[in-house]
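Working notes, structure below.
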Amino acid sequence: MTTLIEEIQNQSDRGAAIVAVAWVEETVTAALESFLHTDSTSWKRLFTGSSPLANFSSKIDLCRLLGLVTDGIRAYLHAIRDIRNEFAHQVAHKTHHTKLAFTSQHINDRCLALKCVAHENHTDPRQAFMRACAVLYADFEMLTFFGTKVSDGGKIFARSENEG
């Protein structure tokens, strides 16, 4: 954890956003993995490479469909993902042509609007973003720690599997 915090602190705004959200995505993936039944073949087909659940957006939505997160948490996760994507895929603001930073007005506004840390009354958008990532990370760590597997009830078996 100390290494991660040091890594983020030593990064540019772009690097910090990318590393912090990768940290959150990693714990979201671990929570999903701990919640679902273990089947490495199915996991690889769904969660690796260009498969349907390999991207963060799909993982967020799957968490919502499984009831692991509320609509609010889903919105915060998508908000930090959107901010990360902007840093990852753009060098400058599309219309102002200025270097992207947490202090860029549109990013500043989105970071300070993250309600999962609103009670902390942040004025620094980078700090608000990093705290939101830390809070979301911690929530998913707890989910992983206390999580349970999907119920074994209601499985569909081939007729031959039920026979002696």
With a 4.5 Å cut-off on side-chain heavy atoms, are [Y] and [X] touching?
X: Ile107; Y: Pro125; result: no
X: Asp13; Y: Leu100; result: no
X: Thr144; Y: Phe35; result: no

Contact summary for Arg84 and Ala17, nearest pair of heavy atoms: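 Heavy atoms only, the tightest pair is CG-O, 3.7 Å.
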Determine the minimum heavy-atom distance between Ala128 and Leu114, stating which atoms define it.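 Minimum heavy-atom contact is O-CD1, 4.5 Å.
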Honestly curious: do Val21 and Leu112 fall in one hydrophobic cluster under the side-chain, below-4.5 Å linking rule?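 No.
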Output yes when a side-chain donor or acceptor of [X] lies under 3.5 Å from a complementary backbone atom of [Y], and no otherwise.
X: Thr27; Y: Val24; value: no
X: Ser12; Y: Gly15; value: yes
X: Asn108; Y: Ser104; value: no

Once rounded to the nearest 0.5 Å, what's the spacing between atom [atom1] of [X] and atom [atom2] of [Y]?
X: Gln9; Y: Gln11; atom1: CD; atom2: CD; result: 11.0 Å
X: Glu25; Y: Ile18; atom1: CD; atom2: CD1; result: 12.5 Å
X: Leu36; Y: Leu66; atom1: CG; atom2: CG; result: 6.0 Å
X: Leu143; Y: Leu68; atom1: CG; atom2: CG; result: 5.5 Å
X: Asn85; Y: His78; atom1: CG; atom2: NE2; result: 11.0 Å
X: Ile80; Y: Cys111; atom1: CD1; atom2: SG; result: 10.0 Å

Go through the steps for Leu77 and Phe140 under the test side chain to side chain contact (heavy atoms under 4.5 Å, CB included), then give the verdict. CA-CA 11 Å; Leu77 289 165; Phe140 278 96; 3.8 Å; yes
Should the pair Arg64-Asp61 be classified as a salt bridge under the 4.0 Å nitrogen-to-oxygen rule?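 No, no charged N to carboxylate O under 4.0 Å.
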Determine whether more than 12 heavy atoms belonging to other residues, nucleotides or ligands lie under 6.0 Å from atom CD of Glu26.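 Count not over threshold, so no.
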Test item: side-chain donor near acceptor, Ser58 and Asn55, under 3.5 Å: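 Ser58 vs Asn55: donor-acceptor pair found between side chains.
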Applying side chain to side chain contact (heavy atoms under 4.5 Å, CB included) to Arg81 and Ser57, what does each step give before you reach the verdict? CA-CA 8 Å; Arg81 180 190 57 79; Ser57 181; 3.7 Å; yes
Would you please classify the geometry between the Phe129 ring and the Phe102 ring as parallel, tilted or perpendicular, with 30° and 60° separating the classes?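 Correct class here is tilted.
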Can you run down the salt bridge (Lys or Arg N to Asp or Glu O under 4.0 Å) pairs that involve residues 101-117, sequence neighbours left out, and say none if there aren't any?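 Passing the test, one end in residues 101-117: Glu86-Arg110.
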